S.K.: 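The structure under discussion is supplied below as C-alpha coordinates; questions concerning it will follow.
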Amino acid sequence: MNIEHASKGWLLAAALGVLASQPVLANKPVMPSTITGTVTAVTADGEVVVDGRIYHIQASSDAASEALNLQVGQTVQVKLNGPPNSQQSQVVEIHATQSR
(Lines give C-alpha, C1' and ligand atoms only; values in the text may rest on other atoms or scores of the structure.)
Protein backbone atom coordinates (compact mmCIF):
# COMPACT_ATOMS: atom_id res chain seq x y z
CA MET A 1 0.00 0.00 0.00
CA ASN A 2 1.49 3.32 -0.96
CA ILE A 3 0.98 6.64 0.84
CA GLU A 4 -1.36 8.04 -1.84
CA HIS A 5 -3.67 5.02 -1.58
CA ALA A 6 -3.69 5.19 2.25
CA SER A 7 -4.40 8.92 2.11
CA LYS A 8 -7.42 8.40 -0.16
CA GLY A 9 -8.72 5.67 2.14
CA TRP A 10 -8.41 7.96 5.15
CA LEU A 11 -10.28 10.76 3.35
CA LEU A 12 -13.05 8.37 2.33
CA ALA A 13 -13.39 7.08 5.90
CA ALA A 14 -13.50 10.64 7.25
CA ALA A 15 -16.15 11.68 4.73
CA LEU A 16 -18.31 8.64 5.55
CA GLY A 17 -17.95 9.37 9.25
CA VAL A 18 -19.16 12.94 8.77
CA LEU A 19 -22.12 11.82 6.67
CA ALA A 20 -23.07 9.10 9.15
CA SER A 21 -23.07 11.60 12.02
CA GLN A 22 -25.58 13.90 10.29
CA PRO A 23 -29.26 13.56 11.23
CA VAL A 24 -31.53 11.98 8.66
CA LEU A 25 -34.05 14.69 7.77
CA ALA A 26 -36.46 12.36 6.01
CA ASN A 27 -37.13 10.50 9.25
CA LYS A 28 -37.86 13.61 11.30
CA PRO A 29 -41.49 14.61 11.67
CA VAL A 30 -42.40 18.12 10.59
CA MET A 31 -43.08 20.16 13.69
CA PRO A 32 -46.07 22.48 13.58
CA SER A 33 -45.45 26.19 13.99
CA THR A 34 -47.46 28.80 15.85
CA ILE A 35 -47.60 32.39 14.63
CA THR A 36 -48.90 35.23 16.79
CA GLY A 37 -49.92 38.51 15.19
CA THR A 38 -52.66 40.84 14.09
CA VAL A 39 -55.23 39.89 11.47
CA THR A 40 -54.86 42.29 8.56
CA ALA A 41 -57.33 40.51 6.24
CA VAL A 42 -59.48 37.42 5.83
CA THR A 43 -60.24 36.38 2.26
CA ALA A 44 -63.15 34.46 0.80
CA ASP A 45 -60.58 32.14 -0.79
CA GLY A 46 -59.71 30.44 2.51
CA GLU A 47 -56.79 32.61 3.51
CA VAL A 48 -55.99 34.66 6.57
CA VAL A 49 -53.48 37.49 6.48
CA VAL A 50 -51.54 37.97 9.71
CA ASP A 51 -49.21 40.94 9.95
CA GLY A 52 -49.30 41.25 6.15
CA ARG A 53 -48.36 37.62 5.45
CA ILE A 54 -50.83 35.28 3.72
CA TYR A 55 -51.53 31.86 5.24
CA HIS A 56 -53.75 29.25 3.54
CA ILE A 57 -56.43 27.68 5.76
CA GLN A 58 -56.82 23.90 5.60
CA ALA A 59 -60.29 23.03 4.29
CA SER A 60 -62.69 21.41 6.78
CA SER A 61 -60.38 22.19 9.69
CA ASP A 62 -61.15 23.91 12.97
CA ALA A 63 -59.38 26.93 11.49
CA ALA A 64 -61.85 27.09 8.60
CA SER A 65 -64.73 27.41 11.07
CA GLU A 66 -62.93 29.89 13.30
CA ALA A 67 -61.95 32.08 10.32
CA LEU A 68 -65.62 32.94 9.83
CA ASN A 69 -65.55 34.84 13.15
CA LEU A 70 -62.29 36.73 12.65
CA GLN A 71 -62.13 40.49 12.34
CA VAL A 72 -59.37 42.72 11.06
CA GLY A 73 -57.38 44.03 14.01
CA GLN A 74 -57.78 40.95 16.21
CA THR A 75 -54.69 39.44 17.76
CA VAL A 76 -54.52 35.73 16.94
CA GLN A 77 -52.41 32.66 17.35
CA VAL A 78 -52.32 30.66 14.14
CA LYS A 79 -51.11 27.06 14.21
CA LEU A 80 -49.64 25.72 10.97
CA ASN A 81 -49.15 22.07 10.01
CA GLY A 82 -45.59 22.79 8.90
CA PRO A 83 -42.89 25.44 8.89
CA PRO A 84 -44.05 29.04 8.42
CA ASN A 85 -41.77 29.63 5.44
CA SER A 86 -43.19 26.69 3.45
CA GLN A 87 -45.79 27.26 0.72
CA GLN A 88 -47.29 23.85 1.60
CA SER A 89 -48.01 24.74 5.25
CA GLN A 90 -51.66 25.35 6.06
CA VAL A 91 -53.48 26.87 9.01
CA VAL A 92 -55.08 24.12 11.11
CA GLU A 93 -56.06 26.14 14.20
CA ILE A 94 -56.80 29.79 14.91
CA HIS A 95 -57.21 31.22 18.41
CA ALA A 96 -58.26 34.83 18.84
CA THR A 97 -56.42 36.18 21.87
CA GLN A 98 -57.81 39.69 21.76
CA SER A 99 -60.95 41.20 20.29
CA ARG A 100 -60.84 44.35 18.29
Side-chain angles (χ1 to χ4, degrees):
M1 179 185 296
N2 64 29
I3 292 178
E4 183 179 323
H5 187 259
S7 169
K8 286 181 183 178
W10 182 85
L11 286 174
L12 179 60
L16 289 174
V18 169
L19 289 175
S21 69
Q22 298 300 313
V24 178
L25 296 178
N27 292 337
K28 286 190 174 185
V30 176
M31 299 303 292
S33 300
T34 302
I35 307 297
T36 301
T38 303
V39 175
T40 51
V42 180
T43 72
D45 297 334
E47 298 171 332
V48 61
V49 183
V50 178
D51 293 334
R53 182 160 179 179
I54 300 170
Y55 297 97
H56 301 282
I57 300 171
Q58 187 177 54
S60 302
S61 67
D62 291 340
S65 300
E66 185 62 30
L68 300 173
N69 301 317
L70 291 179
Q71 296 178 8
V72 171
Q74 280 184 302
T75 300
V76 293
Q77 286 186 332
V78 174
K79 184 176 179 182
L80 304 173
N81 61 2
N85 57 350
S86 171
Q87 293 288 340
Q88 287 74 34
S89 294
Q90 295 181 320
V91 178
V92 292
E93 293 179 26
I94 300 172
H95 299 284
T97 58
Q98 178 183 353
S99 295
R100 187 169 188 251

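If you're wondering where the values come from, they're calculated on a predicted model, not measured in any experiment.
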S.K.: For residues 36-53, run the donor-acceptor check on the side chains, cut-off 3.5 Å, and write out each pair with its distance to 0.1 Å, sequence neighbours left out.
M.R.:
residue, atom, partner, partner atom, Å
Thr40, OG1, Val49, O, 3.2
Thr40, OG1, Gly52, N, 3.2
Thr43, OG1, Asp45, N, 3.3
Thr43, OG1, Glu47, N, 3.1
Thr43, OG1, Glu47, O, 3.4
Glu47, OE2, His56, ND1, 3.1
Asp51, OD1, Thr38, N, 3.0
Arg53, NH2, Pro84, O, 2.5

S.K.: Would you give me the side-chain donor-acceptor pairs under 3.5 Å for residues 88-95, sequence neighbours excluded?
M.R.:
residue, atom, partner, partner atom, Å
Gln88, OE1, Ser86, OG, 3.1
Ser89, OG, Pro83, O, 2.6
Glu93, OE1, His95, NE2, 3.0

S.K.: What heavy-atom pair brings Ser61 and Ile57 nearest, and what distance separates the two atoms?
M.R.: OG-CG2, 4.1 Å
S.K.: Please collect all salt bridge (Lys or Arg N to Asp or Glu O under 4.0 Å) contacts where either partner lies in residues 66-78, sequence neighbours excluded, each pair once.
M.R.: none
S.K.: Do side-chain atoms of Thr97 reach the backbone of Thr75 as a donor and acceptor pair under 3.5 angstrom?
M.R.: yes
